[in-house]
Amino acid sequence: MKLQAFLISGLASLAVLAPRAGLGARSGSYSENLGVIGNAGQLAVESFHLSQTPDFSLLQEISVVLVKVGSIERALEVAHSITDETPKTSAFKSIVIALVEAGEVDIALTIAQTSTDEGLQSTTSSAIVVALADAGEIDRALEIADTITDEWNKGFALKEIVVALADAGEIDRALEMTQAIADSLSKTFALRAIAINLAQAGQVERAIELAQTIPLESFQSATSIAIAADLAKTGDIDRALDLAQTITIDWGEAPASLSIALAVAEAGEIDRALEIARTIPEGWQALALSGIAHWSAHAGDIDRALEIAGTIPDEWSKGLALDGIAVAIAEAGEIDRSVRLAQTITEDARQAFVLHKIAAALAVAGNVDRALEIARTIADILAENGQTEKAAEILEGAIALIGL
């Protein structure tokens with residue numbers, strides 16, 4: 001069954017990508033779309049017939065594939081067959097989003113608005129609004145948002161419209177829209193998105209002022225931290241540090257300085273990032289050093305990254321640093337060195353995770369035999385720790401990948 005789930009997931013991806021790649025029309029009859037996508041859609045349908053299963057995540061994947069090949073009624077049957085409410089709602093959301101992406105907004109709306117379950121109706125309508133907002137169809141999204149009766153779902157939908165407007169640079173319209181959001185949490189996230197967009201557009205003072213209007217102090221601080229990090233990324237490090245010092249909430253200044261240090265490291269200024277890290281309290285400092293080591297490794301300075309990792313006293317943070325360094329070494333083509341470094345990680349679960357990322361990098365590069373060899377190593381580690389089912393799943397996935 002795990003192998004079948006792996007196949008269905010792949011088929012879902014192919015069903016999504018085929019129309020976008022210009023392999024055929026986005027809409028059409030069931031048989032026409034099967035022809036467009038080739039055997040993928042047919043295999044998905046056949047897999048459903050072979051797998052009358054209570055695996056709800058698999059059923060959700062199948063419903064999406066069925067929509068993509070034009071078999072909407074069958075997709076709805078599959079979604080209705082899910083008895084657990086949470087995955088059932090997710091399946092219907094996936095169906096309406098897939099329809100909106102295919103340009104079938106009216107069909108998506110009919111499915112949402114004819115539901116006898118008010119909660120499901122609000123959730124699916126909200127999903128349609130989000131998909132439309134992401135596509136830039138703001139007026140249509142607003143029209144549908146106005147029909148949502150549930151306050152939380154309406155607030156979420158309006159928040160996503162605000163974010164889309166802010167991303168498009170329509171700040172004044174986005175701010176005006178926040179007045180219509182009754183749900184306080186959605187309003188908070190909407191204001192945060194606008195403030196961050198203002199900062200990224202260079203309107204820092206206005207962004208800081210807006211952040212201070214956010215109702216919850218913790219979200220004010222989180223927004224100020226994000227603004228400070230953006231300032232650091234653009235090279236205005238001193239101003240970023242000044243902003244960090246204005247954060248009054250107890251936990252606020254340390255994570256702000258952490259974010260700034262990481263942004264500076266990402267920009268390649270490792271020495272300045274280390275200077276900032278030394279001003280951060282010990283617990284946060286270990287995380288900062290871990291992140292700086294990561295960015296140093298990805299900039300190609302592996303020896304410096306290992307040197308920084310060696311200064312981290314906290315084993316958990318040191319392991320996190322070694323994760324990133326090992327993957328960076330693998331991506332640079334030094335596979336043996338990356339595997340040796342991964343094997344120095346003392347925590348088995350983390351070591352397996354890093355080896356998995358190295359194996360994935362090898363598979364993408366076409367070195368499938370070595371990827372399978374490392375997958376076997378991961379499986380051995382997990383099996384030795386009693387995680388035999390997880391070990392078998394990793395091997396199944398690796399073998400399936402090679403078969404494909």
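When reading the values below, keep in mind they use all heavy atoms of this one structure, side chains included, and skip hydrogens, waters and symmetry mates. Given the structure is predicted, the values throughout are model-derived calculations rather than measurements.
Under the 4.5 Å side-chain criterion, counting only non-hydrogen atoms from C-beta, S224 is not in contact with I208. Side-chain contact between H80 and K88 is present, with heavy atoms from C-beta onward closer than 4.5 Å. With contacts defined as side-chain heavy-atom distances shorter than 4.5 Å, the pair L322/H294 does not qualify. Side-chain contact between R304 and I270 is present, with at least one heavy-atom pair separated by less than 4.5 Å. Contact check for I312 versus L320: no side-chain heavy atoms found under the 4.5 Å cut-off. At a threshold of 4.5 Å between non-hydrogen side-chain atoms, the residues V327 and E331 count as touching. For the pair I237 and E269, the minimum side-chain heavy-atom distance is below 4.5 Å. Using a 4.5 Å cut-off on side-chain heavy atoms (C-beta onward), L289 and L274 make contact.
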* Asked: Can you list the steps and then say if F92 with T123 is a side-chain contact (heavy atoms from CB on, under 4.5 Å)?
  -> CA-CA 9 Å; F92 274 99; T123 301; over 6 Å; no
* Are I181 and V162 close enough, and set up right, to give a side-chain contact (heavy atoms from CB on, under 4.5 Å), and what steps lead you there? -> CA-CA 10 Å; I181 302 176; V162 167; 4.2 Å; yes
* Yes or no on side-chain contact (heavy atoms from CB on, under 4.5 Å) for N153 and S125, after CA distance, side-chain angles and deciding distance? -> CA-CA 8 Å; N153 277 300; S125 294; over 6 Å; no
* To do: Step by step, work out the side-chain contact (heavy atoms from CB on, under 4.5 Å) result for I329 and I358.
  => CA-CA 9 Å; I329 293 171; I358 294 170; over 6 Å; no
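The structure places CZ of F219 at 8.5 Å from CD1 of I214, a figure rounded to the nearest 0.5 Å. Atom OG of S259 sits about 11.5 Å away from atom CD of E266, to the nearest 0.5 Å. Expressed to the nearest 0.5 Å, how far CD of Q203 lies from CD1 of I227 amounts to 11.5 Å. Atom-to-atom distance recorded for E143:CD and L109:CG is 8.5 Å, nearest 0.5 angstrom. The line from CD of E137 to CD1 of I161 is 11.5 Å long, rounded to the nearest 0.5 Å. Distance check: K318 NZ to D314 CG gives 9.5 Å after rounding to the nearest 0.5 Å.
Applying the salt bridge (Lys or Arg N to Asp or Glu O under 4.0 Å) rule to E205 yields the partners R239; only residues at least two apart in sequence or on another chain are considered. For A297, the side-chain contact (heavy atoms from CB on, under 4.5 Å) test picks out I302, A305, I325, A328, with sequence neighbours left out. Legend: residues meeting salt bridge (Lys or Arg N to Asp or Glu O under 4.0 Å) with E275, ordered by chain and number and at least two apart, are R272. Residues passing the salt bridge (Lys or Arg N to Asp or Glu O under 4.0 Å) test with E176: none are found, sequence neighbours excluded. Contacts of E209 classified as side-chain contact (heavy atoms from CB on, under 4.5 Å), with partners at least two apart in sequence or in another chain: none. With sequence neighbours excluded, no residue forms a side chain to side chain donor-acceptor pair (under 3.5 Å) with D242. For D150, there are no salt bridge (Lys or Arg N to Asp or Glu O under 4.0 Å) partners two or more places apart in sequence or in a different chain. For the side chain to side chain donor-acceptor pair (under 3.5 Å) test, residues two or more places apart in sequence or in another chain that qualify with D323 are R350. Residues passing the side chain to side chain donor-acceptor pair (under 3.5 Å) test with Q179: none are found, sequence neighbours excluded. Applying the side-chain contact (heavy atoms from CB on, under 4.5 Å) rule to A267 yields no partners; only residues at least two apart in sequence or on another chain are considered. A228 pairs by the side-chain contact (heavy atoms from CB on, under 4.5 Å) definition with A240, L243, I260, not counting sequence neighbours.
The minimum heavy-atom distance linking L158 with A145 is given by the pair CD2-CB, 4.0 Å. Contact between A199 and V204 at its shortest, heavy atoms only, is O-CG2, 4.3 Å. Scanning both residues, S290 and S317, for their nearest heavy atoms gives OG-O, 3.2 Å. Shortest non-hydrogen contact noted between S122 and T149 is OG-OG1, 4.2 Å. Between I276 and S257, the shortest heavy-atom contact is CG2-O, 3.8 Å. Contact record, T344 with L341: OG1-O, 2.5 Å, taken as the closest heavy-atom pair.
Judged by distance alone, the side chain of S296 and the main-chain N or O of A293 form no donor-acceptor pair under 3.5 Å.
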Identify all side-chain donor-acceptor contacts of residues 184-198 below 3.5 Å with residues at least two apart in sequence or on another chain.
{"residue": "S186", "atom": "OG", "partner": "F156", "partner atom": "N", "Å": "3.4"}
{"residue": "S186", "atom": "OG", "partner": "D183", "partner atom": "OD2", "Å": "2.8"}
{"residue": "T188", "atom": "OG1", "partner": "S184", "partner atom": "O", "Å": "2.9"}
{"residue": "N197", "atom": "ND2", "partner": "D167", "partner atom": "OD1", "Å": "3.2"}
{"residue": "N197", "atom": "ND2", "partner": "A193", "partner atom": "O", "Å": "2.9"}

